[in-house]
Every structure is written in structure tokens, then in C-alpha cells.
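Notes follow the structure.
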Amino acid sequence: HVQLVESGGGLVQPGGSLRLSCAASGSIFTPNTMRWYRQSPEKQREMVATHNTRAFTFYADSVKGRFTISRDNAKNTAYLQMNDLKPEDAAIYYCHLLEWLPGRSADWGQGTQVTVSS
């Protein structure tokens, strides 16, 4: 059982930056894939960024060049650095972890709210 807790959301002006954190508790199997998703009332759930333990990284077109996903294994934490935020980035951001185990279901955090407004 892995529990994920997101933090770092808040209110930011357009063009501003936020760093989201995803703290994991419990034993995490390696290899695995960590992803960030976001969801808003206006849009369905969207994959924002993904990173696996083989160093593969992928970003949605809408955030390329602005967002960076990373991990700090010593702190058991994943991050999403968000720069040049736009109003359309406003959403609840969720951390997602998939351990590379047959039949393993993904773990989700509770989400953290990001609001982008002047």
C-alpha cells in the first residue's frame, strides 16, 4: 500500500510559478511510473507529465517547455515544477503512481488545487 499526498498548490498570477510535491509513504516497488494529472470542471482528466525509473519523461503538448517533473528518491517525493502558468492551467493536480507489477492498480493522491488568476 502506497499513500500519496500532494501539496504546493495555491493561487498564482499568470506567468507565475508553483512547485507541486507528491510525498509517498509506504514501500514503493521499483521500477515504476510517476505521473501528474489534472482535472477541472471544464476539462476531463488530463495527463500532464510522466516520468519512470528508466528516466523516460513525457509532457503534454500544453505544458511542454513550462513544466518539469522530477523525483527526489531520498525524500520519497516527486515534484512538478510549473513555470509561466496560464489560466488554462488551473485545475486540481493529482499525483499518480503505477508500480510495474502484474495486476497492480495505480495509486492516487487526494489532489492539490492550482488557481491561476490575476
Item to check | Minimum-distance pair of heavy atoms, taken over all atoms of A91 and Q113 | outcome: O-NE2, 3.3 Å
Checklist entry - What distance do R66 atom CZ and L85 atom CG have between them, rounded to the nearest 0.5 Å? => result 6.5 Å
Checklist outcome for this item: Rounded to the nearest 0.5 Å, the CD atom of Q3 sits from the SG atom of C95 at a distance of 11.5 Å
Item to check | side chain to side chain contact (heavy atoms under 4.5 Å, CB included) between F58 and I69, intermediate numbers included | outcome: CA-CA 9 Å; F58 181 82; I69 187 172; over 6 Å; no
Item to check | Validation row: Q81, S70 side chains within 4.5 angstrom (heavy atoms) | outcome: no
Next on the checklist: Within this structure, what is the CG-CZ distance for the pair L98 and F29, rounded to the nearest 0.5 Å?
Outcome noted: 11.0 Å
Checklist entry - Which distance, rounded to the nearest 0.5 Å, do you find between the CZ of F67 and the CG of L18? => result 9.0 Å
Next on the checklist: Tell me the closest heavy-atom pair linking H51 and R71, and the distance in Å.
Outcome noted: O-NH2, 3.0 Å
Next on the checklist: Does any part of the side chain of E6, heavy atoms only, come nearer than 4.5 Å to the side chain of I92, both counted from C-beta?
Outcome noted: no
Next on the checklist: Applying ring pair (Phe, Tyr, Trp, His ring centres under 6.0 Å) as the test, list every pair that has at least one member in residues 93-118; sequence neighbours left out.
Outcome noted: Y37-H96, Y37-W108, H96-W108
Item to check | Non-hydrogen atoms of L20 and G9 that approach each other most closely | outcome: CD2-N, 3.6 Å
Checklist outcome for this item: For D107 and V2 the tightest heavy-atom approach is OD1-O, 3.4 Å
Checklist entry - Would you say T50 and F56 make side-chain contact, with heavy atoms under 4.5 Å? => result yes
Checklist entry - Is there a path from Y79 to I28 through hydrophobic residues (I, L, V, M, F, W, Y) whose side chains come within less than 4.5 Å of each other? => result no
Checklist entry - Is it true that K86 and D89 make a salt bridge, defined as a side-chain N closer than 4.0 Å to a carboxylate O? => result no
Checklist entry - Atom CZ of R19 and atom CE of M82: how far apart are they, to the nearest 0.5 Å? => result 11.5 Å
Next on the checklist: When you compare the side chain of R38 with that of V63, does any pair of heavy atoms fall below 4.5 Å?
Outcome noted: yes
Next on the checklist: Would you say that V12 contacts S17 through its side chain, given a criterion of any heavy-atom pair below 4.5 Å between the two side chains?
Outcome noted: no
Next on the checklist: side chain to side chain contact (heavy atoms under 4.5 Å, CB included), that's the test. Do E42 and E88 meet it? Break it down for me.
Outcome noted: CA-CA 10 Å; E42 297 80 19; E88 52 264 41; over 6 Å; no
Item to check | Side-chain donor/acceptor of D72 to backbone N/O of T77, under 3.5 Å | outcome: no
Next on the checklist: Return the OG1 to CG distance between T112 and L80, rounded to the nearest 0.5 Å.
Outcome noted: 11.0 Å
